[in-house]
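Every value quoted in this text rests on a predicted model; they were computed, and no experiment measured them. Computed over heavy atoms, backbone and side chain alike; hydrogens, waters and symmetry mates excluded.
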Amino acid sequence: MRNPSCFLHGPGKAEIEDQPVPELTDPHEVLVHFWRHGGIQTHITAPLVMGHEASGTVAAVGTSVTRVKVGDRVAIEPGHPCRRCDRCKEGRYNLCPHVRFAAAPPNTHGLLCKFWKAPEDFVHRVAADRISLQEVVLLEPLAVAVHGARLAQIKPGETVIVTGCGTVGLLCAAVAVRVFGAHRAILFDIVEARVDFAREYLGVEAYLLDKSATAEENAVAIKHRFDLDEGSVDAVIEASGAQSSIQLGIYLVRPGGSYVQAGLGESKPRVPMLALSEKELRVMGSFRYGADDFALAVEVVERRLVVLKPLISTVTPFYRVTEAWEMTGRGEGIKNLIEGVRD
C-alpha cells in the first residue's frame with residue numbers, strides 16, 4: 001500500500017485500506033508523513049478515516065512554501081477554514097461554518113494514514129532537540145487548553161478550578177498556572193486514578209467528587225475542604241462535559257467570575273440559571289482553538305513550561321490500531337498513541 005489508512009466502517013469495524021497519496025495542487029501546501037494518535041466520537045454513514053491529533057515529518061512542499069521544509073517535524077492543526085467568511089476575517093476561524101475538520105462526517109478523512117496534505121500555515125514546526133514526535137501529538141489538546149485558558153482571562157495570582165482530570169482538564173490546569181500565572185489550581189474528577197495522576201503530574205490540589213452527592217452538596221464540601229469563600233474562585237474551566245460538573249462549577253465560581261465550558265458532553269444539560277444570573281458570571285463556550293493558540297502551545301512545550309511525556313500511557317503499532325481504541329474505551333491510560341506507518 002502506498003498510503004495505508006484506517007477506515008472506520010461502523011461500530012466495532014475498522015479496516016486498513018489503501019488510498020492515493022495526496023498530490024500538492026496548491027503552491028502553499030505541504031505533505032506530511034505521520035506518527036499520530038486520534039479519533040473523535042462520531043456517527044458515520046460511510047467509511048471514514050479516523051484521527052485528528054497528529055505529528056509527523058514534512059515529506060514534500062509546494063513551490064511557494066516558506067514556513068517549513070522537507071524533513072521538518074511538525075504538529076498538525078487538523079481543521080482548515082475557508083478563509084473568506086466573516087468569522088475567518090475577524091480572526092475566529094475555529095467558528096468558520098465551512099471548516100473541514102479531520103475525521104468529521106460525512107467525507108473529511110482523518111489522520112490515521114501514512115500521508116496527509118495541509119496548508120503550510122496549518123502545520124507547526126517544532127524544535128527537533130526539544131520535544132519528541134510522540135509528545136508533539138499532544139500539541140493539539142494543549143492548543144485546546146490554551147484556548148480555554150485564554151477565554152477564562154486568567155490573571156496572575158488568581159485561583160482557578162478545573163472540573164475533569166482527563167487530558168484536556170490536566171492541560172488546562174497546567175496552562176492556567178505555568179503560562180497565565182494562576183496562583184492556585186484545584187482539579188476535580190469522579191475517578192480516583194485520575195485524581196491521583198493529577199496530583200502527581202501537576203503537583204496541585206485534586207479532589208475526588210462524591211458521585212452520590214448533589215452538585216450543591218459537593219460545592220459545600222469543597223469550600224470547606226479547601227477553605228474557599230464566596231470570593232475565592234476567580235475562574236472555572238469545565239473540561240468533563242458532565243451535567244453535575246457544569247452545575248458544580250457555577251456554584252463555586254465567585255460573583256463576576258469567569259466560567260468556560262471546554263468539555264463536550266450532554267447536548268442539553270440542566271444549568272442552575274438563577275445562580276448564574278445572580279452572580280453575573282462571564283460565561284463562554286470554548287471550541288477547539290483559534291488564532292495563535294497552536295503557536296503558543298509550541299512555545300510552551302519548547303520552553304518546557306508544560307511537560308507532555310508523562311501523559312503518554314502506551315504506543316500501539318499502526319496495524320493494531322483497534323487495540324488502542326479498545327484501551328481508551330475501557331478508560332485505561334491517559335493518552336494511548338498509535339504509531340505511524342513505518343517505511
Side-chain angles (χ1 to χ4, degrees), residues 131 134-135 137-139 141-142 144-146 148-149 152 154 156-213 215 217-229 232-242 244-249 251-254 257-260 262-263 265 297 300-301 303-314 327-328 330-337:
I131 180 173
Q134 291 187 15
E135 294 170 278
V137 174
L138 300 181
L139 280 172
L142 180 58
V144 172
V146 166
I154 297 166
E158 292 190 336
T159 294
V160 177
I161 278 178
V162 178
T163 53
C165 293
T167 303
V168 171
L170 292 167
L171 293 176
C172 281
V175 168
V177 173
R178 298 172 185 174
V179 180
F180 291 98
H183 172 70
R184 187 183 189 189
I186 309 172
L187 288 85
F188 304 122
D189 205 290
I190 60 172
V191 179
E192 187 170 10
R194 289 184 177 179
V195 170
D196 292 341
F197 183 87
R199 293 193 188 109
E200 180 179 356
Y201 172 56
L202 297 174
V204 300
E205 299 163 288
Y207 181 79
L208 181 66
L209 294 172
D210 182 353
K211 291 187 289 186
S212 65
E217 289 169 342
N218 269 321
V220 170
I222 288 165
K223 288 177 180 178
H224 176 74
R225 169 76 176 268
F226 295 100
D227 192 26
L228 302 171
D229 59 32
S232 293
V233 179
D234 300 287
V236 167
I237 302 177
E238 204 299 297
S240 74
S244 57
S245 292
I246 294 170
Q247 296 171 349
L248 176 64
Y251 289 135
L252 288 175
V253 69
R254 67 169 173 81
S258 295
Y259 175 93
V260 174
V300 164
V301 295
R303 293 175 58 193
R304 312 300 289 178
L305 297 177
V306 176
V307 179
L308 300 176
K309 189 174 181 179
L311 297 173
I312 300 171
S313 303
T314 63
M327 283 189 287
T328 301
R330 293 192 297 268
E332 298 175 8
I334 302 297
K335 269 297 182 184
N336 300 305
L337 302 191

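In terms of heavy atoms, Ala182 sits closest to Val160 at CB-CG2, 3.8 Å. Summarising the geometry of Cys172 relative to Ile237, their closest heavy-atom pair is SG-CG2, 3.8 Å, with the distance given to 0.1 Å. For the residue pair Ala198 and Val204, the shortest heavy atom distance occurs at O-CG2, 4.3 Å. Leu248 and Ala215 get closest at one heavy-atom pair: CD1-O, 3.6 Å. Residues Val162 and Gly169 share a closest heavy-atom pair of CG1-O, 3.5 Å.
Between Glu135 and Val301 there is no side-chain heavy-atom pair separated by less than 4.5 Å. Side-chain contact between Ile222 and Leu209: present, with at least one pair of heavy atoms (C-beta onward) separated by less than 4.5 Å. Proximity of Arg184 to Leu228: side-chain heavy atoms (C-beta onward) are separated by under 4.5 Å at one or more points. Between Arg178 and Leu202 there is a side-chain heavy-atom pair separated by less than 4.5 Å. In this structure, Phe197 and Leu311 have side chains that are in contact, with non-hydrogen atoms separated by less than 4.5 Å. Here the side chains of Val253 and Ile161 are not in contact, with every heavy-atom distance at 4.5 Å or above. Counting heavy atoms from C-beta on, the side chains of Leu171 and Val144 never come closer than 4.5 Å. A 4.5 Å side-chain heavy-atom check between Lys335 and Leu138 finds at least one atom pair inside the cut-off.
Checking side-chain atoms of Asp234 against main-chain N and O of Ile154 turns up no donor-acceptor pair under 3.5 Å. A donor-acceptor contact shorter than 3.5 Å is absent between the side chain of Tyr251 and the backbone of Val220. In this structure a side-chain-to-backbone donor-acceptor pair under 3.5 Å is missing from Ser240 to Gly164. Without hydrogens or angle criteria, Glu238 side chain to Gly241 main chain gives a donor-acceptor distance under 3.5 Å. Without hydrogens or angle criteria, Arg199 side chain to Ala206 main chain gives a donor-acceptor distance under 3.5 Å. A side-chain donor-acceptor contact under 3.5 Å links Ser313 to the backbone of Ile334.
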Run Asp189 and Leu187 through side chain to side chain contact (heavy atoms under 4.5 Å, CB included) and show every step you take. CA-CA 7 Å; Asp189 205 290; Leu187 288 85; over 6 Å; no
Run Leu252 and Phe188 through side chain to side chain contact (heavy atoms under 4.5 Å, CB included) and show every step you take. CA-CA 12 Å; Leu252 288 175; Phe188 304 122; 3.9 Å; yes
What's the verdict on side chain to side chain contact (heavy atoms under 4.5 Å, CB included) for Met327 and Thr314, showing C-alpha distance, side-chain angles and the deciding distance? CA-CA 9 Å; Met327 283 189 287; Thr314 63; 3.5 Å; yes
Could you check Leu142 against Val175 for side chain to side chain contact (heavy atoms under 4.5 Å, CB included), going step by step and ending with a plain yes or no? CA-CA 8 Å; Leu142 180 58; Val175 168; 3.7 Å; yes
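Expressed to the nearest 0.5 Å, how far CG of Leu139 lies from CG of Leu308 amounts to 6.5 Å.
Taking 4.0 Å as the cut-off between side-chain N and carboxylate O, Lys223 and Asp229 do not count as a salt-bridged pair.
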